[in-house]
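Residues take their numbers from the sequence shown, with the count starting at 1. What you see below is based on every heavy atom in this structure, not just the backbone, and it leaves out hydrogens, waters and symmetry mates. This one's a predicted model, so the numbers in the text were calculated from it and none came from an experiment.
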Amino acid sequence: LEPEKRIEDILAALSLVAPHYPMVGLFVVGEGRERGRLERMVHSLGLVDHVIFMKGWRPAAEAWGLMRSAQAFIQASAYEGYGRTLIEAALARVPIITTDVGIVGEVFKGYEDVLAVPVADPTALSLSIVGIIEDNAVRQELPRHAEEAAHTHLAAVGDIPSRIAEDLARALQHP
């Protein structure tokens, strides 16, 4: 929960959606220096009944289960490096709403694999949330396409964390 993740944009989007879809909710998973400010924002926006902050680190199996049980995965980052969580969400077969950063455009195509929105645009996020709520085809097709794109990407690049570890090990052997 760091500033670059722009969780406040997701909360602002939810405040636009919740009055029309009162059953909508959000799990915020993670820790960081923005947590207190975001919790206060939830109260000020009247979203206490719609947002749950999950504390602490999650084991991989629990994080995978949470992702698989979600109706959507939302990432509003101002920037991303590789974007591993998008790959994980695609493999979990949940619809993805994300800002157009990181591997979006390279691995995932907007409106084919994911719903991609501009950075710092809560209104666009809210429209994408409504799109997933209202459009059954979007809920079914986006995850299927995103999963295919993730598998294609992983087959082409391999296991990046393992490759980095191997490269570091080789570099340490040959100073």
Heavy-atom side-chain contact between [X] and [Y] under 4.5 Å:
| X | Y | result |
| --- | --- | --- |
| Asp9 | Pro122 | yes |
| Arg68 | Arg93 | yes |
| Leu14 | Val42 | no |
| Leu26 | His50 | no |
| Glu148 | His151 | no |
| Ile87 | His153 | yes |

Tell me whether [X] contacts the main-chain N or O of [Y] through its side chain, where contact means a donor paired with an acceptor under 3.5 Å.
| X | Y | answer |
| --- | --- | --- |
| Arg139 | Ile133 | yes |
| Tyr111 | Ala116 | yes |
| Ser126 | Val17 | no |

Taking all atoms of both residues into account, what is the closest heavy-atom pair of [X] and [Y], and its distance?
| X | Y | answer |
| --- | --- | --- |
| Pro19 | Ser15 | CD-O, 3.2 Å |
| Leu125 | Ala13 | CB-CB, 3.6 Å |
| Pro95 | Gln71 | CD-O, 3.3 Å |
| Leu1 | Arg35 | CD1-CB, 3.9 Å |
| Ala18 | Leu47 | CB-CD2, 4.2 Å |
| Phe108 | Ala146 | CE2-O, 3.3 Å |

Give, for atom [atom1] of [X] and atom [atom2] of [Y], the distance between the pair rounded to the nearest 0.5 Å.
| X | Y | atom1 | atom2 | result |
| --- | --- | --- | --- | --- |
| Glu2 | Glu34 | CD | CD | 7.0 Å |
| Leu91 | Leu86 | CG | CG | 11.0 Å |
| His145 | Ile96 | NE2 | CD1 | 13.0 Å |

Carboxylate-amine/guanidinium contact Lys55 Glu31, below 4.0 Å: no
Determine, for Lys5 against Glu80, whether the closest basic-nitrogen to carboxylate-oxygen distance falls under 4.0 angstrom. yes
Is it true that [X] and [Y] fall in one hydrophobic cluster, defined by side-chain heavy atoms closer than 4.5 Å?
| X | Y | value |
| --- | --- | --- |
| Val29 | Met41 | no |
| Leu11 | Leu16 | no |
| Leu45 | Ile74 | yes |
| Val119 | Phe73 | no |
| Ile103 | Val157 | yes |

Can you establish whether the number of heavy atoms outside Tyr79 located under 6.0 Å from its atom OH is more than 12? no
Go through it in stages, so that I can follow the logic: the residues are Phe53 and His43, the test is ring pair (Phe, Tyr, Trp, His ring centres under 6.0 Å), and I'd like the CA-CA distance, side-chain angles, deciding distance and then a yes or no. CA-CA 12 Å; Phe53 285 87; His43 285 277; 9.2 Å; no
Apply salt bridge (charged side-chain N to carboxylate O under 4.0 Å, His left out) to the pair Arg6 and Glu4, showing each step before the final yes or no. CA-CA 5 Å; Arg6 298 198 58 86; Glu4 67 273 10; over 6 Å; no
